[in-house]
Number of protein chains: 4
Amino acid sequence: MNVHSEAEEWVVARAAAKIHRDAKTKYDRILESAIKVFARKGFHNSRISEIAAEAEVADGTIYLYFKNKDDILIRLFENSLEQIIADLRAEIGKENDALRKLRRFIKMHLDLVNKNPNLAVVLQVELRQSNKFMKEYEPTRFIDYLNLIAEIIREGQAQGAIRADVAPGIVKRALFGALDEIALHSVLTRKGKDYLRTSADQICEMFLRGIAA
Amino acid sequence: MNVHSEAEEWVVARAAAKIHRDAKTKYDRILESAIKVFARKGFHNSRISEIAAEAEVADGTIYLYFKNKDDILIRLFENSLEQIIADLRAEIGKENDALRKLRRFIKMHLDLVNKNPNLAVVLQVELRQSNKFMKEYEPTRFIDYLNLIAEIIREGQAQGAIRADVAPGIVKRALFGALDEIALHSVLTRKGKDYLRTSADQICEMFLRGIAA
Amino acid sequence: MNVHSEAEEWVVARAAAKIHRDAKTKYDRILESAIKVFARKGFHNSRISEIAAEAEVADGTIYLYFKNKDDILIRLFENSLEQIIADLRAEIGKENDALRKLRRFIKMHLDLVNKNPNLAVVLQVELRQSNKFMKEYEPTRFIDYLNLIAEIIREGQAQGAIRADVAPGIVKRALFGALDEIALHSVLTRKGKDYLRTSADQICEMFLRGIAA
Amino acid sequence: MNVHSEAEEWVVARAAAKIHRDAKTKYDRILESAIKVFARKGFHNSRISEIAAEAEVADGTIYLYFKNKDDILIRLFENSLEQIIADLRAEIGKENDALRKLRRFIKMHLDLVNKNPNLAVVLQVELRQSNKFMKEYEPTRFIDYLNLIAEIIREGQAQGAIRADVAPGIVKRALFGALDEIALHSVLTRKGKDYLRTSADQICEMFLRGIAA
DNA sequence: GATGAATGAGCTTTCATTCAT
DNA sequence: GATGAATGAAAGCTCATTCAT
């Protein structure tokens with residue numbers, strides 16, 4: 001390889017990087033950078049300036065798109081959850097039977113942890129360290145998520161597949177809590193795919209038997 | 001009530017307070033004050049000086065008993081869990097049947113949240129906001145707690161009351177997660193006794209059916 | 001003087017102050033303020049906030065230009081010494097004869113103490129109270145200063161005016177030590193011009209005879 | 001060696017240590033410990049509790065013998081200087097000739113640095129870091145020390161060996177400064193015996209020629 | 001919209017000193 | 001005299017946020 005072509009390649013690579021960078025909105029670039037930085041350093045140890053550097057924008061620019069540091073975390077949560085809910089709905093839609101829907105739901109929840117480790121760290125660990133998120137955030141999206149479960153349960157009850165005395169409003173939280181704790185353990189101990197698969201099976205077995213008519 | 005008796009009562013009250021204060025070690029007084037202050041203001045918004053004032057000791061005195069602010073939280077967690085584990089063991093000991101043990105366990109876990117609201121706030125919300133706790137703490141006591149559940153499950157499997165293909169190491173976490181999420185919701189929304197009772201019943205029903213042979 | 005003209009003068013003075021303030025870089029303003037404050041209160045008794053106030057910048061701004069409090073002292077030392085060395089070189093350059101150069105050097109060293117009393121206090125007293133300066137600082141500039149003396153001595157030896165058995169590396173320190181002690185005494189007892197003049201004469205007489213061939 | 005005699009030896013050693021410890025007054029033990037600790041850690045980084053531990057006394061005991069931390073340093077300085085002055089007087093007394101006395105003085109000053117490295121570190125570096133010492137201390141002992149030099153010079157002038165136009169009050173400081181700077185350099189760079197010997201010779205040669213009639 | 005220099009509030013922790021025993 | 005548990009004042013530095021350009 002001669003010097004000429006090396007230089008040419010470098011120019012091409014730079015141009016490609018720039019196109020890629022320009023293709024995304026600054027908003028998205030900041031969110032993606034925040035996920036990386038939060039996952040790497042933790043929420044409280046991440047500096048706005050680091051996120052800005054990672055996103056190749058100025059510190060002040062972040063405040064054109066986000067109210068403050070906690071807001072990045074919360075919007076990140078909402079954005080991700082919105083996408084996840086959409087994906088889950090699509091996945092669930094492939095089944096008619098409520099119990100089979102729940103099975104898909106459980107498997108997919110834990111599969112997401114496996115496939116998005118950075119996001120999982122942020123949602124499982126860092127998010128809960130924001131006082132604003134824990135105390136002030138109106139958890140609309142989170143409630144949407146929980147209600148996905150409640151809906152399936154009610155559907156199952158209508159179908160006669162799930163016991164009528166099961167309280168969807170409570171069981172939705174119990175199931176979420178179970179999945180969440182498994183996800184947290186997976187993230188903190190870096191136990192990955194196998195652990196999550198086995199756990200998904202165990203939880204399916206237990207919950208479905210637990211609420212089946 | 002006349003002024004005289006008021007003054008007398010005040011004297012008596014002061015004396016009682018002093019006796020109470022002297023009766024406890026400074027260590028215990030600091031821990032109890034920390035629970036109150038953390039529950040009231042949140043971990044990050046609590047000042048060491050507030051805890052010291054509440055415990056009626058000097059700021060510096062706290063550092064004779066604790067390494068730092070996070071250490072207070074962690075020791076508070078360990079102390080509480082140690083007591084809780086002892087109480088749970090005693091409670092469980094009253095039954096021979098594994099499934100009945102689990103039932104007692106579940107009911108008591110949520111009953112503790114009801115009976116110690118301040119402690120519950122700290123353990124459910126504030127504790128998780130300490131980066132040191134989430135990332136550096138070796139969760140020995142927590143594992144002890146989880147293993148209480150695993151033990152009962154293994155016992156039930158030996159008795160033939162619980163399915164042999166249930167994985168105690170996973171189900172213990174799933175059950176804890178479910179209870180924890182219900183506890184968190186109770187704490188954040190200030191839903192108390194009734195919510196916790198109903199939830200305990202629902203979780204018992206679901207889990208016990210879910211793992212029964 | 002009437003009130004009218006007083007007010008006018010004040011306006012003029014303020015304007016002048018502002019021009020003066022804007023003309024210098026923040027870096028220089030902070031250094032100059034530090035000299036004043038350190039001289040007035042001593043290094044350990046000076047607060048960063050005082051230096052900031054004197055320089056009319058925010059506390060945090062200081063940390064955009066300096067690593068920490070000790071760094072201000074060290075940079076102050078280096079900046080001053082750099083200027084002093086340049087001036088001394090110019091002064092020395094006016095003579096050809098090594099002994100006459102030394103004479104100029106000695107007189108000028110003590111004259112600087114007389115002309116910059118604040119800086120002298122800082123360099124003689126406060127600088128030595130910084131642990132970082134005494135133990136961690138790599139004294140490049142100071143060595144440059146000492147080597148000015150060594151160079152002149154070597155020159156004198158080449159010229160045959162100074163004994164060949166004089167060790168420049170030791171005598172440079174002995175001469176500096178002598179001047180430094182006189183300077184310190186002048187600063188601590190506020191003995192000024194006359195004391196310094198007489199001392200310069202005495203030291204010249206003694207050193208030059210002491211090393212002359 | 002059998003176990004029996006080992007135990008016996010240990011008892012004897014302990015007893016000897018205790019006797020040694022008791023033989024010195026607490027005052028002396030604290031001063032000696034302070035020299036060690038200050039030399040090891042520096043004045044500002046030494047804790048009263050460390051000095052107390054080293055001296056095997058309680059923290060509070062130190063305040064029965066010393067006003068405060070700076071007082072330890074100052075009393076340490078005075079104690080040492082008193083001893084040094086006595087030794088120097090004895091040494092000087094061995095000569096009649098003023099110039100020979102000065103020679104002995106210079107050599108002994110630098111020899112003391114060589115022989116008491118810990119003390120030298122404290123007197124050369126740490127002492128100057130005490131604001132109280134630099135600004136409030138009435139330097140009686142130090143003046144005694146300087147006057148030793150002045151006396152010899154006056155003696156030499158009376159003998160006709162030293163020029164009459166030499167100002168003893170200035171030259172004493174110049175000589176001290178020269179010796180002090182060499183001592184400091186030796187301490188900071190850990191250049192020991194050889195450096196100090198050569199320096200002593202150079203300074204003798206220069207000073208004695210410099211002031212000789 | 002984008003920048004980044006400047007701001008300044010905010011707080012844990014240390015450790016010399018005291019004093020009841 | 002000796003102890004050592006308790007005190008509490010004291011301040012450097014960080015970093016989220018602003019705003020003039």
Side-chain angles (χ1 to χ4, degrees), chain A residues 25-27 29-30 43-53 55-73 132, chain B residues 25-27 29-30 43-53 55-72, chain C residues 25-27 29-30 43-53 55-72, chain D residues 25-27 29-30 43-53 55-73 132:
Chain A
T25 65
K26 283 205 168 65
Y27 180 87
R29 259 168 45 215
I30 294 170
F43 177 66
H44 284 299
N45 291 319
S46 296
R47 308 290 148 240
I48 287 287
S49 55
E50 287 177 89
I51 299 173
E56 299 184 60
V57 299
D59 293 16
T61 303
I62 288 186
Y63 289 85
L64 297 174
Y65 297 94
F66 298 90
K67 267 212 307 279
N68 51 43
K69 198 178 162 189
D70 290 87
D71 189 42
I72 301 178
L73 203 52
K132 287 222 176 81
Chain B
T25 64
K26 283 205 169 62
Y27 181 88
R29 257 164 52 212
I30 293 169
F43 178 67
H44 284 299
N45 291 319
S46 295
R47 309 285 146 247
I48 287 289
S49 55
E50 289 177 86
I51 299 174
E56 298 184 62
V57 299
D59 291 18
T61 304
I62 289 186
Y63 290 87
L64 295 176
Y65 296 93
F66 299 90
K67 270 211 305 281
N68 50 44
K69 201 177 155 185
D70 289 270
D71 190 40
I72 300 178
Chain C
T25 64
K26 283 205 169 63
Y27 180 89
R29 258 163 52 211
I30 294 169
F43 179 67
H44 284 299
N45 291 319
S46 296
R47 309 286 145 245
I48 287 290
S49 55
E50 290 177 86
I51 298 173
E56 300 185 61
V57 299
D59 292 19
T61 303
I62 290 187
Y63 291 87
L64 295 177
Y65 295 93
F66 299 91
K67 269 211 304 280
N68 50 43
K69 202 177 155 186
D70 289 87
D71 189 41
I72 301 178
Chain D
T25 64
K26 282 205 168 63
Y27 181 88
R29 260 169 42 216
I30 294 169
F43 178 66
H44 284 297
N45 290 319
S46 296
R47 309 288 149 238
I48 287 288
S49 55
E50 287 177 89
I51 299 173
E56 299 186 62
V57 299
D59 292 17
T61 304
I62 287 185
Y63 289 86
L64 297 175
Y65 296 94
F66 298 90
K67 269 212 307 278
N68 51 43
K69 197 179 162 187
D70 289 87
D71 189 42
I72 301 179
L73 201 54
K132 287 223 176 79

(message) For A/K132 and D/G60, find the nucleotide of DNA chain F closest to each by heavy atoms; which residue's nucleotide sits nearer the 5' end?
(response) D/G60

(message) What's B/I48 touching, base or sugar-phosphate or nothing? Going by heavy atoms closer than 4.0 Å.
(response) base

(request) Extract the stems that DNA chain F is part of, considering only consecutive pairing runs of at least three Watson-Crick or G-U wobble pairs, both distances under 3.5 Å. (result) E:2-21 with F:2-21

(request) Starting from P on E/dT17, measure out to CD1 on D/I51 and report it in whole angstrom. (result) 11 Å

(message) Can you identify which nucleotide, out of F/dA16, E/dA2, F/dA6, has its nearest atom closest to the A/Y65 side chain?
(response) E/dA2

(request) Rounded to the nearest angstrom, tell me the gap between atom OH in A/Y63 and atom C1' in E/dA6. (result) 14 Å

(request) Calculate the interatomic distance between A/K69 atom NZ and F/dC15 atom P; express it in whole Å. (result) 8 Å

(request) Could you check how far CD1 of B/I72 sits from P of E/dT13, rounded to whole Å? (result) 9 Å

(message) From C-beta outward on A/T61, which listed nucleotide comes closest to its side chain: F/dG12, E/dT3, F/dA16?
(response) E/dT3

(message) From the set F/dG12, E/dA16, E/dA6, return the single nucleotide nearest to any side-chain atom of D/R47.
(response) E/dA16

(request) Please report, rounded to the nearest Å, how far the P atom of E/dT18 is from the CD1 atom of D/I62. (result) 13 Å

(message) Within this structure, what is the CD1-OH distance for the pair D/I62 and D/Y27, rounded to the nearest 0.5 Å?
(response) 12.5 Å

(request) Please tell me which of the listed nucleotides, E/dT17, F/dG12, E/dG8, lies nearest to the side chain of C/D59? (result) E/dG8

(request) Quick one: sort the C/H44 and D/H44 rings into parallel, tilted or perpendicular, breaks at 30° and 60°. (result) tilted

(request) Let me know the distance between CG of A/N45 and C1' of F/dT14, rounded to the nearest Å. (result) 12 Å

(request) Take atom CZ of A/F43 and atom C1' of F/dA16, then tell me their distance rounded to the nearest Å. (result) 10 Å

(request) State, to 0.1 Å, how close D/E50 and D/N45 come at their nearest heavy-atom pair, and which atoms those are. (result) OE2-O, 3.7 Å

(request) Could you check how far CG of D/D70 sits from C1' of E/dT17, rounded to whole Å? (result) 13 Å

(request) Could you work out which one of F/dT17, E/dT17, F/dC13 sits closest to the side chain of A/N68? (result) F/dT17

(message) With rounding to the nearest 0.5 angstrom, report the CZ to NZ distance, D/R47 to D/K69.
(response) 5.5 Å

(request) First locate atom CG of C/L64, then atom NZ of C/K26, and finally report the distance between them rounded to the nearest 0.5 Å. (result) 9.0 Å

(request) Enter the distance from B/Y65:OH to B/I72:CD1 here, rounded to the nearest 0.5 Å. (result) 13.0 Å

(message) Can you tell me which nucleotide in F/dA2, E/dC11, E/dT7 comes closest to the side chain of C/K26?
(response) E/dT7

(request) Search all heavy atoms of C/D59 against all heavy atoms of C/S49 and return the closest pair with its distance. (result) OD2-CB, 3.4 Å

(message) Given E/dT17, F/dT3, E/dA5, identify the nucleotide with an atom nearest to the side chain of C/L64.
(response) E/dA5

(message) Quick check for you: to the nearest 0.5 Å, what is the distance between B/T61 atom OG1 and B/I51 atom CD1?
(response) 13.0 Å

(message) Assuming nearest nucleotide by heavy-atom distance, tell me which of D/V57 and B/A58 is located more 5' along DNA chain F.
(response) D/V57

